[in-house]
Structures are given as C-alpha cells and as structure tokens.
Number of protein chains: 2
Amino acid sequence: MATTIASDSGSAPQGGSTRERILQVALELFTEQGYDKTSIRDIAEQLGVTKAALYYHFKSKADILLELHLRLHGLGERLLDALEALPSGEARARAWPQLLDGFITAVDDNRELVALHQRNQSALEALHDSERHRAANDDIERQLRRLLAGSELPPEMRVRMVCSLGAVMAGLLTDGIVDDISHEARVALVRTSVADMFRAP
Amino acid sequence: MATTIASDSGSAPQGGSTRERILQVALELFTEQGYDKTSIRDIAEQLGVTKAALYYHFKSKADILLELHLRLHGLGERLLDALEALPSGEARARAWPQLLDGFITAVDDNRELVALHQRNQSALEALHDSERHRAANDDIERQLRRLLAGSELPPEMRVRMVCSLGAVMAGLLTDGIVDDISHEARVALVRTSVADMFRAP
DNA sequence: GTCTATATTTCGATAGAC
DNA sequence: GTCTATCGAAATATAGAC
C-alpha cells in the first residue's frame, strides 16, 4: 500500500499516471502557495497540459484536495484503532508512549502530506462542511477528541497527550533550526523529547 | 498597550471605533471560515454596513489581515528580545524554561490571534511575499530560526525547544479534549507538561 | 463615513472537436 | 485523454452622490 507519494521533485514529473502526476504537483503547490491561492491553471501549466485535462481526472478542484486528504487519513485511523483497542483508561495511559512512537513514524513517513494539512487547515475544514466526506468517513479529529474526552483519563494525562502531539508536529515539520544533523538523528531526538513528557517523576 | 482585542462576541459589535469593529469581526470570520473563504462582503454584512465602507478604513482585504498579524507580532518579539539578551548558548539553554513560561502567558492572552495565525498559515505567508511588510519588519520566524540555529546550543536542546513551542500551541489551542477543568487549571497543566521536557534526568 | 452603483479580473467548470 | 473556446459566478476594488 502506497500512502506516500513518490517525490520526483522535477518541474514536470513524468513518473506514474497522469492522475498521479496531478496529485504530486497539486501537493507541491498547495503546500507552497496554499490551496486557495493555487489555481487549476497553475497546476495545469506546471504539468504542461490545459485546465480541461484536469477535469477529465478530477471532477473539481476540491476533489484533488480531498484525495490528498484521504491518503493521510489512514495515518490517524491506525493510531485511533490501537488506542480504542485498549479497554480501560489506565491501560490507555500506560500504552500512550508506545502509540506515540508509532505516530512519530507515521508522521515522518508522510511529512509532505502532513505539511499540506498543517498549512491548509481552513481549506480542509471547508471540505468537511460541504462534501459528502462526512457521511462515509467519520472525521478523524472529532473521533480522537471523543476518545480522549470520553476516557476516564485524568485531565493531567489528556493535556500531556495533546501537548505531545503538537510537539511531534513541530519537531518533525519545523525546518531551519536543526539542519546540522541527519534526519534520522533528528527523529530520534524528537522521540526522546516527547518521551520525557511521560517519564515518572 | 492593548495587544488583545476586546471580544464582545455579539453579532454586530458596537464597542469601539468602526475600524476596531471591523478588525474584531474579521478576526472571528477569518478564524472560523478561513481568510480566503471570507469575503469583504461577509464582513460588511455581519457588521451591518456595505463593502464600500470597509474600503474607507482599509485599502485592501490583505491590509485587514496584515493589521491583525502585526498585533500578534509583538508577542514573538518580546520572546526574541529576552532570548537575544542572553549572551552565551549555555545561559540561553538555562533560561529557556523561564522564557517558555512567558511565552505560554503571551499565547494564552492572545489565543484568538494565535488561532488566526495557526489556521491561516498560507494566507499569511502570501502576505510576506507581496507586501511592504518585509522591508520594515523582519520576519519573526526567520529571526527565531537564526537565533536558535546560530546558537552554539546542541541539537538536542534545539529540538526540545522547537517541540516545546509546538506543545504549548497544541495544549492551549486544541479544544474539546480537556473542557472539564477550568481554563486556569488547564494552562497550569500545560506549564508543567512542557516544563518536564527540560527536567534533569 | 457611508451609500449605490459599476468596473475589472480571475477563477472554476463545461461543451464539443479531435 | 487532451485540446480550444467560452460561460457564469463571485470577488476585489473604485467612482461619485449624499
């Protein structure tokens, strides 16, 4: 299963089907310039085709964003399933560091998609309100909130959990501050940093 | 100095000058619906005036966003000044938890503005590219990156710093998970959570 | 300062030929 | 599957009266 998108990083990517190349270019431009400031025309020109060609592969601009969104969706679902599988609040609290570790790996493996999400929060929320998306797919964030809020976990633990998620995002996606070490070393440092939030006192 | 904006939370706020009321409504709508999906007309109607009236007070839609951005700008500047005032990398590392504490207070005091920033990252970056903004005001994030990257701080410390900033954002801005305690208690929990990232082993 | 127009542009989307 | 040509909608911004 290929949740990640091959990153040729060329100006006019030739690998894969046209549909896949559209998604690849869209991912780049949506992340760089933002979804709203990227026109269908921008994508088409970067790809060397016309707008009309895009509408053969996708029925709307929002559909392109939706497709990219769904590819990331499985990431959160796996974390949720693992969390939900644990019965009691106590077990959930104990298992969290391990789940977080898997989350770090997943985010790191899908950095481009996560960055797209991070930089286009409002555009993605607008999708949820208008598209059929809600019917079939339960919103991932709402689900996580219900799970954490509904747990018998003490508030102190829930705050730590939320903070740790934000820490992972910042640690893995913020560029320009720790470029003097290898990427693997950086990921490892993120792991230990967030793990320390759940150390015994 | 009023960096925060009075939040009447009414449908048609009457407090303050028209210019201030515009900013207040814009802040709400930009955060709720996103900057790009909020039209000048939306703001005007919510305010009970016409579009043309807005153009008397602001020369463009982007100018409204810019004004809101500048109000948050001072927040990061204060953290930067405090960080820059410390000479050596060692002193900077030791002082970080205290600086972080001030950062938490500042973010909490300006939650609405920070949320606006968080949800409209791409729109704000587009501002930087086009407006005069760059000339007068050095970009706050770039400055922070240079300070941290240029420091003699070890990478392990820099990663922790970046992670802690993300943790604060998530802990203070994510709603729906810890609503069963007072806001003050929640802020206190965020403080201890991130502080634990800088505990001695 | 606020209003009623209106100018101008850009974008998303479609029709139909090839 | 891709093209040319075009439609229609919506948004920003301006002109000028009050």
Side-chain angles (χ1 to χ4, degrees), chain A residues 11-30 32-69 120 122-133, chain B residues 11-30 32-69 120 122-124 126-127 129-133:
Chain A
S11 281
Q14 300 297 342
S17 64
T18 300
R19 186 187 162 89
E20 215 58 33
R21 284 161 52 210
I22 293 172
L23 288 170
Q24 192 175 322
V25 169
L27 175 57
E28 284 175 19
L29 293 182
F30 287 170
E32 265 177 43
Q33 318 173 345
Y35 171 78
D36 292 284
K37 292 195 176 46
T38 301
S39 64
I40 293 282
R41 197 173 169 170
D42 287 335
I43 302 175
E45 281 179 358
Q46 176 104 12
L47 213 58
V49 296
T50 61
K51 291 186 299 173
L54 297 199
Y55 281 97
Y56 173 82
H57 296 278
F58 295 92
K59 82 168 214 289
S60 71
K61 181 186 173 189
D63 242 43
I64 301 179
L65 180 63
L66 181 60
E67 173 75 27
L68 291 170
H69 168 66
N120 293 281
S122 43
L124 282 161
E125 279 169 24
L127 267 194
H128 290 202
D129 294 339
S130 59
E131 304 277 331
R132 75 225 153 190
H133 174 257
Chain B
S11 282
Q14 300 297 341
S17 63
T18 299
R19 186 186 163 90
E20 214 59 31
R21 284 161 53 208
I22 293 173
L23 288 170
Q24 191 175 324
V25 169
L27 174 58
E28 284 175 18
L29 293 183
F30 287 170
E32 264 178 41
Q33 318 174 344
Y35 171 77
D36 292 284
K37 290 189 179 49
T38 300
S39 64
I40 293 283
R41 196 171 170 173
D42 287 336
I43 302 175
E45 281 179 357
Q46 176 104 12
L47 213 59
V49 296
T50 62
K51 293 183 297 173
L54 298 200
Y55 281 98
Y56 173 81
H57 296 278
F58 295 93
K59 82 166 215 287
S60 73
K61 181 187 172 187
D63 240 43
I64 301 179
L65 181 63
L66 181 60
E67 172 76 27
L68 291 171
H69 168 66
N120 293 280
S122 43
L124 281 161
L127 267 194
D129 294 339
S130 59
E131 304 277 331
R132 78 227 150 184
H133 173 256

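- Screening B/K61, B/K59, B/R19 for a salt bridge (charged side-chain N to carboxylate O under 4.0 Å, His left out) involving B/E67 leaves a single residue, B/R19.
- The CG atom of A/D36 sits 7.0 Å away from atom OG of B/S122, with the distance rounded to the nearest 0.5 Å.
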Summarise protein proximity over nucleotides 11-18 of chain D in one line of letters, 5' to 3': B for base, S for sugar-phosphate only, - for none, counting protein heavy atoms closer than 4.0 Å. SBBBB---
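- Distance CD/A/Q46 to CD/A/Q24: 10.5 Å, rounded to 0.5 Å.
- Here OG1 of B/T50 is found 10.5 Å from CD of B/E45. Values are rounded to the nearest 0.5 Å.
- Here the side chain of A/T50 is nearest to one of D/dC3, D/dT2, C/dC3, namely D/dC3.
- Following rounding to the nearest Å, B/L54 (CG) and C/dC3 (C1') show an atom-to-atom distance of 13 Å.
- For B/L47 and C/dG1, the CG to C1' distance is 13 Å, given to the nearest whole Å.
- In this structure, A/Y56 does not reach the D/dT2 phosphate: none of its side-chain N or O atoms is under 4.0 Å from OP1 or OP2.
- Each of B/T18, B/V25, B/I40, B/D63 was scored for a side-chain contact (heavy atoms from CB on, under 4.5 Å) with B/L54, with one residue passing: B/I40.
- When each of A/L127, A/L65, A/L68 is checked for a side-chain contact (heavy atoms from CB on, under 4.5 Å) with A/Y35, only A/L65 meets the rule.
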